[in-house]
Amino acid sequence: MKKVLKIAGAIVAVVIIIILIGVTIISVRGIPTYPVEQISFELKSTPESVERGRKLASVICANCHANQETGKLTGQQMMEAPPEFGTIYSANITQDKTYGIGDWTPSEIAYLLRTGIKRDGQYAPPYMAKLPKMADEDINAIISFLKSDDRMVVADPTPDKPVEPSFLTKLLCNIAFKPMPYPTATINMPDTSNTVELGKYLAINLECFSCHSADFKTNDFMDPEKSPGYFGGGNKPLNRAGQVMLTPNLTPDQETGIGLWTKEKFVKAVRSGIKEGESALAYPMMPYTMLTDAEAGAIYDYLQTIPPIKNKVERVVYD
Ligand code: HEC
Ligand code: HEC
C-alpha cells in the first residue's frame with residue numbers, strides 16, 4: 001500500500017513539475033513569432049478602390065481601430081475583448097511613419113491581413129481581424145484606403161499602448177491558434193447577381209460570423225462554416241462598460257433563430273439597429289449604415305440557407 005502511495009506521489013510530483021515548466025516556457029516565450037515570407041502585393045489604387053476601401057474599413061477596421069472622439073484610426077482600448085484575453089489595445093494604423101503604419105509596404109499589410117503575421121514576424125492574436133477569404137480586389141481596396149489622404153488615416157502621432165496579453169492568450173497562441181497560409185491563387189469577388197453567394201461573402205468577411213458563432217476562441221477562419229455553433233449565437237463580447245453581452249442566434253431555426261423574421265425586419269436591425277417594440281441593438285452590435293439594403297438583404301438570404309441550430313439566447317439589456 002505504502003509503495004503504491006509513493007508511486008502515486010511521484011507521478012503527481014512529475015506532472016506538477018512538467019506543468020510548471022510548460023507555464024514558464026509559455027510565459028517567457030509569449031506570443032510566438034513566425035518567418036515572414038516575401039510576397040509581392042502590387043497595389044492598384046484608383047478613386048474607386050479608395051472609396052470601396054473606405055466602406056470596408058469603416059465596417060470592419062473602424063470598430064476596433066477608431067478613436068471614438070476623432071474617428072481617426074489611431075487605436076483604442078478594446079473594451080469588448082473578453083478580459084480573459086488580457087488588456088488589449090488596437091494599434092495606430094494611420095500613415096504616421098513612427099507611430100502608425102505609414103512605412104509599412106502594401107505587401108506587409110496584405111501579409112498581416114491574410115495570415116495574421118506582422119512584419120516583425122509576431123503573430124497577431126485573435127483579437128485582431130484576419131481576412132483569409134476576402135477577394136484580392138477588396139484587400140487591394142482596403143490597402144488603397146489606408147494609403148489615401150482620407151481624414152481617418154492621415155498621419156497622426158498617437159503612440160501605441162502596449163498590449164498585455166494574458167497567460168491564456170499566450171497559451172492558446174502557442175498551442176491552438178496558428179497563422180494562416182498566404183493564398184497561392186487569386187481569390188475572386190463573389191458573383192453579386194447571386195444574393196446567397198454575395199451574402200455568404202459579406203457574412204464571413206465583415207466578421208458577422210466571428211461574433212455570432214459560439215466562441216471567439218473556437219472560430220475557424222480558414223473554414224468559417226466549420227466554426228462550432230456557426231451563427232448559432234451565444235458568444236460573449238463585452239460592451240464598452242465591460243459588461244457581458246450575448247450574441248443572438250442568426251440561424252434559420254424558427255424558435256430560437258431568425259427563421260420567422262422577414263427580410264425587412266432583418267435589414268432594419270442590421271442597418272439601423274432598430275428592432276420594433278424593443279430597445280435599440282447595443283454595442284458591440286454597431287448599425288451597419290454603410291451597407292445597402294441589397295447587401296444586408298443578401299446576408300439575410302444566405303443566413304436562411306445555413307443549417308438551423310437550436311440555441312435559445314436571452315437578450316441582455318442594461319440601462
Ligand atoms: C476585432 C478588433 C480588430 C479589428 C476588426 C481590426 N483590428 Fe487591426 N488590430 C487589432 C489589435 C488589438 C491590434 C494589436 C495586436 C497586437 O499588437 O498584437 C491590431 C493590429 C493591427 C495592425 C498592426 C499595427 C502595428 O503597428 O503593429 C495593423 C496593420 C492592423 N491592425 C490593421 C487592421 C486593418 C486594416 C483592419 C481592417 C481590415 C483591422 N486591423 C481590423 C484589432 C483589430
Ligand atoms: C463585435 C461583435 C458583432 C459583430 C461583428 C456583429 N454582431 Fe450582430 N450582434 C452582436 C450583439 C452583441 C448583438 C445583440 C445586441 C443587443 O442585444 O442589444 C447583435 C445583434 C444582431 C442582430 C439582432 C438579432 C436579434 O435576434 O435581435 C442582428 C440581425 C445582427 N446582429 C446581425 C449582424 C450582421 C449581419 C453582422 C455583420 C454585418 C453582425 N451582426 C456583426 C454582435 C456583433
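Position 1 is the first residue of the sequence; numbering continues from there. Heavy atoms only: backbone and side chains are in, while hydrogens, waters and symmetry mates are out. Counting starts at 1 for both ligands and their atoms, following the listed order. As the structure is a computational prediction, the values presented were derived from the model and not from experiment.
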Tell me which part of [X] gets within contact of ligand 1: side chain, backbone, both or neither, using heavy atoms under 4.0 Å.
X      : answer
Leu146 : side chain
Leu112 : side chain
Pro165 : neither
Ile31  : neither

Going by the angle between their ring planes, with limits at 30° and 60°, are Tyr300 and Phe266 parallel, tilted or perpendicular?
-> tilted
Classify the angle between the aromatic ring planes of Tyr127 and Phe85 as parallel (below 30°), tilted (30 to 60°) or perpendicular (above 60°).
-> perpendicular
Does an N or O from His65, backbone or side chain, lie closer than 3.5 Å to an N or O of ligand 1?
-> yes
Look only at interatomic distance and state if Lys118 has a nitrogen or oxygen under 3.5 Å from any nitrogen or oxygen of ligand 1.
-> yes
Regarding [X] and [Y], do their side chains bring together a donor and an acceptor under 3.5 Å, going by distance alone?
X      : Y      : answer
Thr218 : Asp215 : no
Thr158 : Thr74  : no
Asp156 : Thr94  : no
Thr251 : Asn249 : yes

Is atom 8 (Fe) of ligand 1 less than 2.8 Å from at least one N/O/S atom of Cys61?
-> no
Which atoms of ligand 2 are found less than 4.0 Å from any heavy atom of [X]?
X      : result
Val270 : 29 (C), 32 (C), 35 (C)
Ala282 : 15 (C), 16 (C), 18 (O)
Phe266 : 29 (C), 35 (C)
Lys275 : 25 (C), 26 (O), 27 (O)
Glu207 : 5 (C)

Check Leu281 against ligand 2 and report side chain, backbone, both or neither, counting heavy atoms closer than 4.0 Å.
-> both
Determine, considering heavy atoms only, which of Ser58, Ser90, Ala91, Gly75 sits nearest to atom 24 (C) of ligand 1.
-> Ala91
So which of Tyr89, Tyr99, Trp104 gets nearest to atom 14 (C) of ligand 1, if we judge by its closest heavy atom?
-> Tyr89
Identify the two heavy atoms, one from [X] and one from [Y], that lie closest to each other, and give their separation to 0.1 Å.
X      : Y      : answer
Gly199 : Tyr302 : C-CB, 3.7 Å
Lys312 : Glu314 : CE-OE2, 3.7 Å
Val50  : Ser148 : CG1-CB, 3.7 Å
Pro237 : Thr247 : CD-CG2, 3.6 Å

Does the distance from a Lys or Arg side-chain N to an Asp or Glu carboxylate O, for Asp136 and Arg114, drop under 4.0 Å?
-> yes
Does a side-chain N-to-carboxylate-O contact under 4.0 Å join Lys310 and Asp253?
-> yes
Compare all side-chain heavy atoms of Lys133 with those of Phe221 and state whether any distance is below 4.5 angstrom.
-> no
Of the protein's non-hydrogen atoms, which lies at the shortest distance from [atom], and what is that distance?
atom                    : result
atom 32 (C) of ligand 1 : Met128 CE, 3.6 Å
atom 1 (C) of ligand 1  : Cys64 SG, 2.7 Å
atom 37 (C) of ligand 2 : Cys208 SG, 1.8 Å
atom 5 (C) of ligand 1  : Ile60 O, 3.3 Å

May I ask whether Tyr283 places a heavy atom under 4.0 Å from ligand 2?
-> no
Under 4.0 Å from one or more heavy atoms of Tyr127, ligand 1 contributes atoms 1 (C), 2 (C), 3 (C), 10 (C), 12 (C), 42 (C), 43 (C)
Met285 SD and His212 NE2 subtending at atom 8 (Fe) of ligand 2 (10° steps) | 180°
